[in-house]
Every structure is written in structure tokens, then in C-alpha cells.
**Student:** 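Dropping a structure here in C-alpha cells format, bear with me for questions.
Only a predicted model underlies this, so the values are computations on that prediction, with no experimental measurement involved.
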Amino acid sequence: MKKFVIVLGALALTFSSAFAKANSAADGVKQNILVEPVNGLVHDFIRGVDISSLADIEKAGGKFYNDNGKEEDLFKILKDHGVNWVRLRVWNNPTYADNYKDPYTGKSAKKGQAYGGGTNSVVNDIPLAKRAKAAGLKLLIDFHYSDSWADPAKQHMPQDWVGLSDKKLNSAVEAFTRDSIKKFIEAGARPDMVQIGNELNNGFMWPLGKIWGNDGEKVGGFPGFTRLLTSASKGVREAQGSGAKIQIVVHLADGTNNDLYHTVFDEVVKANVDFDVIGLSYYNYWHGATGLLKRNMNDLSKVYGKNLCVMETAYAFTEDDGDDQGNAFQVYSGDSEGYLPSVQGQATAIRDVINVVASVPNGLGVFYWEPAWIPVKGAGLSATEGDTWENQGMFDFKGRALPSLSVWNLVGGKGEVTNKWGGSAKVGSGFTPYAQSEPITITTTPGKEPALPSFNKILFTNDKENKIQVIWEKHDWKAETKPRTFELKGRITGTEFIPVAKVTISQNLNLVEDGSFESGNFGKWTLDGDGAACFIENNKGNAKTGKYTFKYWLGTGFKSTLRQTFTGLENGTYEASIWAMGGGGENEISFRATNFDGAKVESVAVVNTGWKNWNQYKIRIPVKENKLTLEIFLNTNNGNWGNFDDVELFKVE
């Protein structure tokens with residue numbers, strides 16, 4: 001897995017005093033958390049972690065500290081906190097095939113130089129595998145069949161296999177798989193499970209193993225893909241010999257996408273590929289609610305009769321950034337649930353995934369992706385990049401074990417800890433509301449009763465958002481004859497928590513329909529431009545208010561205009577405003593009004609200065625034709641990105 005990062009820099013997600021606040025990275029070890037045990041959890045349920053970057057981290061000077069503040073071997077810390085499996089990725093030849101200059105960081109790597117990202121060759125992984133076995137942990141080997149990161153967006157052919165015919169490639173895959181596993185076995189680190197490929201939504205070893213091609217592209221399709229899977233599976237069985245059976249995993253991403261899993265696994269089963277486990281990647285901020293994961297897994301278990309395992313999941317304990325690379329994390333705040341990026345929120349999010357898998361027939365367990373990838377210079381995604389994952393670690397930026405690491409024990413009802421820094425992790429239940437996830441703002445005109453939300457997302461003391469019914473206090477709306485702002489109180493049955501809504505009585509209402517983009521689609525907005533570059537983003541961490549924004553990003557430069565037209569207006573002076581933030585460097589960004597008085601244009605230049613650096617831009621518009629059009633115009637350079645939120649239009653004169 002590798003996810004590209006669009007934003008640079010990070011700040012803690014904060015709300016007003018009435019709302020919840022995420023943890024800072026520095027305070028992570030000081031948190032006191034509670035974890036609700038999972039009913040019916042079997043003793044051999046997989047509580048696994050992927051620590052593939054460890055060799056690079058330790059080589060660069062990274063260290064790890066237990067709850068007592070003492071430096072200790074990572075494997076012992078993991079075992080003491082309930083981890084029972086380790087996952088290691090394997091790359092064929094993790095070196096640069098050519099000289100390379102990173103277009104985003106400007107850093108260079110030479111041909112033959114170690115790739116980084118763990119530099120996970122078989123030779124480099126064997127010492128890690130031996131340490132895992134010595135610690136009493138079981139071992140999963142994850143073959144990527146690539147020299148670097150493999151995921152749905154990229155499945156590059158290993159440099160040593162480029163140009164091979166279909167027959168020779170299948171022979172090479174079988175031999176590489178067999179010989180690699182034998183090397184682990186001979187070293188005393190026999191794998192207990194093997195993935196034959198990583199996140200294979202679109203196949204692997206492109207083009208011969210690519211499932212779907214672009215127009216005119218010659219690919220192997222499902223026949224080429226399943227032949228390569230069969231060769232990989234044969235390699236595992238040949239290496240297995242007369243020893244204990246090695247479980248074989250076929251792994252896809254997008255763990256809530258039931259149609260995808262049926263499309264791929266119908267073909268895999270039809271081709272009689274020998275495998276034992278359906279593996280899924282599930283990140284709630286990309287893939288949605290846990291209920292969707294459960295529905296997909298229950299269906300897959302029923303239809304295919306295979307064991308199932310979440311091979312990758314993670315959540316952040318903070319939004320802070322530990323280096324200059326930026327982070328891949330997005331705050332998850334779905335329609336019915338969400339989690340605060342805190343140590344408690346991280347533990348709850350992982351506990352909930354464990355709970356889903358434990359409830360599914362044939363659910364084997366859960367692997368957490370790279371909980372130990374702390375920000376150490378020289379241990380990044382590659383030789384030219386930094387770390388994008390440290391805020392999703394289960395260790396803080398200094399390598400100290402977070403209280404959330406105890407989730408692996410606590411889901412089984414044991415392993416309570418109190419650490420040196422005053423933090424703790426204990427078993428708990430009966431969580432209660434303590435904060436609103438985000439402010440409720442209502443605007444109405446004098447004497448008119450507004451539509452108040454019947455449900456609101458409330459944060460409970462396990463830092464999970466739940467959508468709860470709110471009963472609002474009675475109010476005499478007809479008596480509201482003058483403009484003012486006040487708080488309206490509500491109640492939630494069975495709790496003492498009091499939600500509030502900020503109500504504004506105003507003569508003028510915002511004329512922009514869905515100015516905060518909270519519908520999740522363009523609606524009345526019209527896009528003239530590339531939909532891959534300009535889209536509505538669901539990421540609370542990138543929003544000024546709510547969770548949706550108008551987002552732009554593309555690796556290459558582009559031009560686009562987003563517009564909304566207003567008709568039937570009274571002539572007069574109007575004021576329009578917009579909030580914007582982004583990385584900067586564009587040729588032009590402008591917020592402008594047209595069609596209000598002949599060919600005249602009112603415009604203001606937008607200048608972005610960095611992530612979370614929100615600025616508001618305003619224009620005055622003298623309407624003389626009973627209409628106007630608001631536009632957001634973009635003329636970008638390679639890699640520019642930004643977000644827009646809270647567009648408003650009011651008549652002021």
C-alpha cells in the first residue's frame with residue numbers, strides 16, 4: 001500500500017470551546033483511554049501488524065520505548081501489548097532501475113540505489129522474520145511482485161522481468177515465490193500465511209497481469225491475471241513441502257465494495273486458483289462505515305466459503321505532522337458514525353474493525369498497517385520522500401508506545417496499563433455524550449420558524465461520533481422580529497448532555513444553494529473543466545466547516561471554472577464571499593461575478609498560502625439586470641491543490 005499525499009504540513013484539528021479537540025502528538029502518551037472488549041473473541045484471532053519499514057527505521061536511528069519509558073525491542077513491545085502476528089512485504093529488487101528526480105520533493109536517487117520504504121528484499125526481510133518468530137509471533141509474507149509499492153493505482157512489473165513472455169513470466173513468478181519462501185524456512189522463519197499480490201483490484205505485474213486496459217492497451221485480462229495467481233500459488237505449495245500448510249491470501253483493497261469483490265473472485269474461483277483466505281483493505285476514511293465492511297464480509301463468507309481477514313487498516317491518533325512530507329490521513333466523519341483523531345479515537349476505530357471481523361463467519365482477524373513507522377529522517381516512503389504515516393502510528397513521534405497500542409489486549413478483556421507519562425489504557429463500556437462533533441448553525445428570517453435538524457452527530461467518551469436524535473426546546477419564532485444571534489438548547493433522551501444550535505435571525509439569507517458543498521455533489525454548481533481535477537471532497541480535516549469542500553488537484557496543470565447562476569434578483573448591491581486554502585503556486589485563481597451588468601466583471605485574486613491557512617475573499621456586485629453568475633476560476637501548474645468552502649451571497653443595498 002502507498003497513498004499519495006496532496007497536502008503539505010499539518011495542524012491539530014480544533015473546534016470551538018463547545019466542541020471536541022483532537023490530541024496533539026506531544027500529548028499522545030498522556031491520554032487515558034477505555035476500550036470495550038469484543039464479545040466472543042477467540043484466542044487465536046489474528047491481532048496483527050505490518051512493520052515492514054522497521055529495518056530502515058532502525059538503520060536511521062529510530063528507537064522504541066515501552067510503557068515504563070525504557071528502550072526495548074519493538075517485537076517484545078508488540079507481543080506484550082497483545083499482537084500475535086507480523087506482516088512483512090516482499091519486493092523483488094527494491095532498487096532504482098534508472099536515475100530519478102522526484103518532481104515534488106526535488107530530491108534525487110541514482111540507478112541501483114536502495115529504494116527505501118523498508119527496502120523489503122527477501123534478504124532484508126529474513127532478519128525481521130527471525131525476530132518475529134523468536135518473539136513467538138506468527139508470520140505473514142506479502143509478495144508485491146514489484147520492486148516498490150503496489151496498489152490498485154500501480155502494479156509495476158519488476159525490472160528483472162520486464163519483457164518476459166507470458167510463459168517465462170509465469171515460470172519466474174513460480175520460481176521466485178518458491179525460492180523466496182524456502183529461504184525464510186531455511187532461516188528458521190517459516191511463514192504461516194502468504195499473500196500472492198497486494199491490493200489486486202486491477203491485477204498485478206502490468207501489462208500481462210492487468211485485468212482491465214485503457215483504450216487500445218494490450219493487457220492479459222482475467223486469463224493473464226489468474227494464470228499468474230496460479231503460478232504464485234504453486235510456488236507457495238512447492239515451498240510448503242510436507243510441513244504445516246501455509247495459508248494463501250488473495251488480497252483486494254476497497255473493503256466495502258461488494259461488486260468489486262464478486263467481479264474479481266468469481267473469476268479467481270472459476271480459474272481454480274488454489275487459495276485459502278480473502279484479504280481486504282479497509283480504511284474508514286476511504287471506504288466508509290464499518291457496517292458496509294460487515295455487509296461485504298458476511299456476503300463473501302456465504303458465497304465463497306473462504307476465511308476472511310482485514311489485511312490493512314489504520315486510524316490517526318493526531319493530525320500533527322512529524323516531518324515535512326505531509327500525511328495521507330483524512331478525518332473520518334460519515335453520515336452515521338465517525339472518530340476523532342485522538343488516541344482514544346484510534347483505539348475505538350480499531351476496536352470496531354476487530355468487532356466486525358470477529359462477528360463474521362470465517363473471520364480470521366485484523367492487521368494494522370505500519371503502526372511503528374515513526375518520523376525518522378532516512379526512513380520515508382522512498383529515498384526521495386519522507387514519512388506520510390506517522391500520525392497513524394501506535395507510537396508517538398519519539399517512538400513511545402501510545403495507550404492505544406493496548407487495544408490488542410483490551411479487546412480480549414485484559415492487559416490494562418498505566419505508563420510513565422501518566423497515560424493509561426483500561427477496559428470500559430457505557431460511553432456517554434460529551435461534545436458535539438461540529439457546530440450547528442441555523443439562519444432564518446424574522447418571524448419564520450427554521451427547519452431544525454432532528455439528528456446530530458455527537459461525540460461519546462470513546463471519541464466516536466454517533467448520529468443521535470435531538471429534541472429542541474420550544475421557541476416562540478413569531479416573536480423574533482429583529483435581527484439577532486442566540487443559542488437554542490436541545491436534549492438527548494437518557495443523557496444529561498445539552499446540544500446547542502447557533503441561530504441567526506437575519507433580514508437576508510445566503511442566496512447560494514449549497515454554498516458549503518455539504519450535499520456531497522455539485523448540485524446547482526456547474527463545472528467547466530476536468531472532473532478528475534476538480535471534485536467535491538469528503539474530508540472533514542480539509543473543510544472550513546462541515547466535512548465537504550470543492551477540491552482541486554492534478555499532477556499536471558489545468559484550467560477550469562465552477563459557476564452558479566442566480567436569476568430573478570432585485571437590482572441593487574450584493575456582496576459575495578468565499579473561503580479558500582491550498583498549497584499555492586497557481587498561475588491564477590480568481591473569485592468573480594459576471595452577467596450582472598453587461599460585460600462587466602467583478603473579481604478578486606485568491607492567493608493560497610498553505611494547508612489550513614484559510615482566507616476569506618469578498619467582492620461587491622452592482623446588479624442591474626436582475627441576475628448574476630458567481631465563478632471560481634482556476635489556472636494551475638503541475639501538482640497545485642486547494643479547497644474552497646462556505647460561499648455566500650447577500651443583498652446589502
**Student:** Does a donor on one side chain and an acceptor on the other come within less than 3.5 Å for N120 and D125?
**Tutor:**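 Looking only at side-chain atoms, D125 and N120 do form a donor-acceptor pair, the distance falling under 3.5 Å.
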**Student:** Is the side chain of Q325 donor-acceptor paired with the backbone N or O of G380 at a distance under 3.5 Å, no angle test?
**Tutor:**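 Between the backbone of G380 and the side chain of Q325 there is no qualifying donor-acceptor contact (under 3.5 Å).
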**Student:** Cation-pi check for F204 against K210: NZ or CZ below 6.0 Å from the six-membered ring centre and within 45 degrees of the axis, yes or no?
**Tutor:**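 Output no; distance or angle outside limits.
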**Student:** For Y261 versus Y304, what's the shortest heavy-atom pair and its separation?
**Tutor:**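 Closest approach of Y261 to Y304, heavy atoms only: O-OH, 4.0 Å.
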**Student:** Could you walk me through whether K426 and I33 pass the side chain to side chain contact (heavy atoms under 4.5 Å, CB included) check?
**Tutor:** CA-CA 6 Å; K426 298 180 179 180; I33 72 166; over 6 Å; no
**Student:** Side-chain contact, heavy-atom cut-off 4.5 Å: D387 with L381?
**Tutor:**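 No, side chains not in contact.
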**Student:** Side chains of R47 and V83: closer than 4.5 Å at any heavy-atom pair?
**Tutor:**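 R47 does not reach V83 side chain to side chain.
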**Student:** Applying side-chain hydrogen bond (donor to acceptor under 3.5 Å, both in side chains), run through S148 and H156 and close with a yes or a no.
**Tutor:** CA-CA 8 Å; S148 61; H156 301 307; 5.9 Å; no
**Student:** Determine whether D56 and T119 make a side-chain contact, defined as any pair of heavy atoms from C-beta on separated by less than 4.5 Å.
**Tutor:**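 When only atoms from C-beta onward are counted, T119 and D56 do touch, with a gap below 4.5 Å.
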**Student:** Please report whether the ring centroid of F64 lies less than 6.0 Å from that of F395.
**Tutor:**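 That pair passes the under 6.0 Å test.
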**Student:** Give the C-alpha distance, both sets of side-chain angles, the deciding distance and a yes or no for salt bridge (charged side-chain N to carboxylate O under 4.0 Å, His left out) between D276 and R237.
**Tutor:** CA-CA 12 Å; D276 308 288; R237 297 296 181 227; 3.0 Å; yes
**Student:** Does any part of the side chain of E416, heavy atoms only, come nearer than 4.5 Å to the side chain of V427, both counted from C-beta?
**Tutor:**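 The answer is yes; the side chains approach within 4.5 Å.
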**Student:** Report yes or no: does W389 contribute a side-chain atom to a donor-acceptor pair with the main-chain N or O of W369 at less than 3.5 Å?
**Tutor:**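 Yes.
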**Student:** Please report the C-alpha distance between E370 and R89 in whole Å, then the side-chain angles of each, then the deciding distance to 0.1 Å, and finally whether the side chain to side chain contact (heavy atoms under 4.5 Å, CB included) criterion is met.
**Tutor:** CA-CA 11 Å; E370 293 279 13; R89 58 180 167 266; 3.0 Å; yes
**Student:** Is the closest basic N to carboxylate O distance between K76 and D80 below 4.0 Å?
**Tutor:**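 Looking at K76 and D80, the cut-off is met.
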**Student:** What pairs meet the side-chain hydrogen bond (donor to acceptor under 3.5 Å, both in side chains) rule with one or both residues in residues 399-409, with sequence neighbours excluded?
**Tutor:**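 Only Q346-S404, D396-R400 qualify under side-chain hydrogen bond (donor to acceptor under 3.5 Å, both in side chains).
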**Student:** With no hydrogens and no angle check, is any side-chain donor or acceptor of D274 less than 3.5 Å from a backbone partner on T230?
**Tutor:**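 Judged by distance alone, no pair lies under 3.5 Å.
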**Student:** Is the closest side-chain donor-acceptor distance between N92 and H144 under 3.5 Å?
**Tutor:**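 Note: N92 and H144 side chains miss the donor-acceptor criterion.
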**Student:** Return the set of residues passing salt bridge (charged side-chain N to carboxylate O under 4.0 Å, His left out) with R87 (not counting sequence neighbours), or none when no residue passes.
**Tutor:**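 So R87 forms a salt bridge (charged side-chain N to carboxylate O under 4.0 Å, His left out) with D50, D142, E312.
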**Student:** Once you measure the plane-to-plane angle for F397 and F317, does it fall in the parallel (<30°), tilted (30-60°) or perpendicular (>60°) bin?
**Tutor:**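 Judged by the thresholds at 30° and 60°, the geometry between F397 and F317 is perpendicular.
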**Student:** Show your reasoning for whether side-chain hydrogen bond (donor to acceptor under 3.5 Å, both in side chains) applies to E385 and S382.
**Tutor:** CA-CA 5 Å; E385 299 169 279; S382 68; 2.7 Å; yes
**Student:** Can you name the closest pair of heavy atoms from R351 and P37 and give their distance?
**Tutor:**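 So the two residues come closest at NH2-O, 3.2 Å.
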**Student:** Taking the six-membered ring where the residue is Trp, are the ring centres of F176 and W161 under 6.0 Å apart?
**Tutor:**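 Yes: the rings meet the under 6.0 Å criterion.
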**Student:** Which atoms form the tightest heavy-atom contact between V29 and A401, and what is the distance?
**Tutor:**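 Smallest heavy-atom distance, with atoms named: CG1-O, 3.9 Å.
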**Student:** So L128 and L88, side chain to side chain contact (heavy atoms under 4.5 Å, CB included) or not? Walk me through it.
**Tutor:** CA-CA 8 Å; L128 298 177; L88 296 173; 3.9 Å; yes
**Student:** Centre-to-centre under 6.0 Å for W212 and F225, is that the case here?
**Tutor:**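 Judged by ring-centre distance (under 6.0 Å), W212 and F225 do not meet the cut-off.
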**Student:** Name the residue from N23, V331, N327 that meets the side-chain contact (heavy atoms from CB on, under 4.5 Å) definition with E319.
**Tutor:**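 Option passing the side-chain contact (heavy atoms from CB on, under 4.5 Å) with E319: V331.
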**Student:** Give, for atom NE2 of H287 and atom OG1 of T313, the distance between the pair rounded to the nearest 0.5 Å.
**Tutor:**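 Rounded to the nearest 0.5 Å, the NE2-OG1 separation comes out at 9.5 Å.
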**Student:** Excluding sequence neighbours, so at least two apart, what forms side chain to side chain donor-acceptor pair (under 3.5 Å) with T177?
**Tutor:**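 In terms of side chain to side chain donor-acceptor pair (under 3.5 Å), with neighbours along the sequence ignored, T177 is linked to Y145.
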**Student:** Roughly how far apart are I248 CD1 and N307 CG, rounded to 0.5 Å?
**Tutor:**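 So the gap between those two atoms works out to 13.0 Å.
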**Student:** List in chain and number order the residues that pass salt bridge (charged side-chain N to carboxylate O under 4.0 Å, His left out) with K30, two or more places apart in sequence or in another chain; answer none if no residue qualifies.
**Tutor:**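 Residues passing salt bridge (charged side-chain N to carboxylate O under 4.0 Å, His left out) with K30: D27.
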**Student:** So which atom in F367 and which in V49 form the shortest heavy-atom distance, rounded to 0.1 Å?
**Tutor:**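 Looking at all heavy atoms of both residues, the shortest contact is CD2-N, 3.7 Å.
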**Student:** Under 4.0 Å between a side-chain nitrogen and a carboxylate oxygen: does that hold for D192 and K133?
**Tutor:**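 Result for this pair is yes, salt bridge flagged.
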**Student:** Among N284, D352, T348, find the one that has a side-chain hydrogen bond (donor to acceptor under 3.5 Å, both in side chains) with Y339.
**Tutor:**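 Looking at N284, D352, T348, the match for Y339 under the side-chain hydrogen bond (donor to acceptor under 3.5 Å, both in side chains) is D352.
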**Student:** With rounding to the nearest 0.5 Å, note down the distance linking CG in L229 to CE in M205.
**Tutor:**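 So the gap between those two atoms works out to 7.5 Å.
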**Student:** Between R227 and N170, is there a side-chain donor-acceptor contact under 3.5 Å, judged purely by atom types and distance?
**Tutor:**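 Per modelled atom types, N170 and R227 side chains form no pair under 3.5 Å.
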**Student:** Mind listing the closest non-hydrogen atom pair of I126 and A187 along with its distance?
**Tutor:**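 Heavy atoms only, the tightest pair is CG2-CB, 3.5 Å.
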**Student:** Evaluate the side-chain proximity of P94 to D147: yes if any heavy-atom separation is below 4.5 Å, no if none is.
**Tutor:**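 Contact flag for D147/P94 side chains = no.
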**Student:** For residues Y283 and Y315, establish whether the separation of their ring centroids is below 6.0 Å.
**Tutor:**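 Distance test on ring centres: not under 6.0 Å, no.
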**Student:** Can you name the nearest heavy-atom pair linking H251 to G197, along with the distance?
**Tutor:**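 Distance-wise, the nearest heavy atoms are CB-O, 4.0 Å.
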**Student:** Which distance, rounded to the nearest 0.5 Å, do you find between the CG of N202 and the CG of L252?
**Tutor:**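 It is 9.5 Å, given to the nearest 0.5 Å.
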**Student:** With respect to L308, which candidate in L364, V357, N296, L280 satisfies the side-chain contact (heavy atoms from CB on, under 4.5 Å) definition?
**Tutor:**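 Exactly one pass, corresponding to L280.
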**Student:** So, do L74 and L54 sit near enough that their side-chain heavy atoms are less than 4.5 Å apart?
**Tutor:**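 Heavy-atom side-chain distance check passes, below 4.5 Å.
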**Student:** Would you confirm whether R190, through its side chain, and Q240, through its main-chain N or O, come within 3.5 Å as a donor-acceptor pair?
**Tutor:**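 Yes, the answer is positive, given that a donor and an acceptor are paired below the 3.5 Å cut-off.
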**Student:** Could you tell me if the side chain of D254 sits less than 4.5 Å from the side chain of N201, heavy atoms only?
**Tutor:**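 Sidechains of D254 and N201: in contact.
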**Student:** Using a 3.5 Å distance criterion without hydrogens, assess whether the side chain of K79 forms a donor-acceptor pair with backbone atoms of A135.
**Tutor:**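 Yes: the side chain of K79 pairs with the backbone of A135.
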**Student:** So, taking the atom named CD in Q247 and the one named NZ in K306, what distance separates them when rounded to the nearest 0.5 Å?
**Tutor:**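 It comes to 9.5 Å.
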**Student:** Look up atom CD in E72 and atom OH in Y65, then write down how far apart they are to the nearest 0.5 Å.
**Tutor:**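 Atom-to-atom, E72:CD and Y65:OH are 12.0 Å apart.
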**Student:** Less than 4.5 Å apart, side chain to side chain, heavy atoms only: is that true for D151 and E199?
**Tutor:**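 Side-chain contact under 4.5 Å: yes.
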**Student:** Under the rule for side chain to side chain donor-acceptor pair (under 3.5 Å), what residues qualify as partners of E238, not counting sequence neighbours?
**Tutor:**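 Result, side chain to side chain donor-acceptor pair (under 3.5 Å) vs E238: R178.
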**Student:** With sequence neighbours left out, write down each residue that passes salt bridge (charged side-chain N to carboxylate O under 4.0 Å, His left out) with E58, or none if nothing qualifies.
**Tutor:**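 For E58, the residues satisfying salt bridge (charged side-chain N to carboxylate O under 4.0 Å, His left out) (neighbours in sequence not counted) are R131.
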**Student:** Start with the C-alpha distance between V356 and I354, add both sets of side-chain angles, then the distance that settles side chain to side chain contact (heavy atoms under 4.5 Å, CB included), and finish with yes or no.
**Tutor:** CA-CA 5 Å; V356 165; I354 293 171; over 6 Å; no
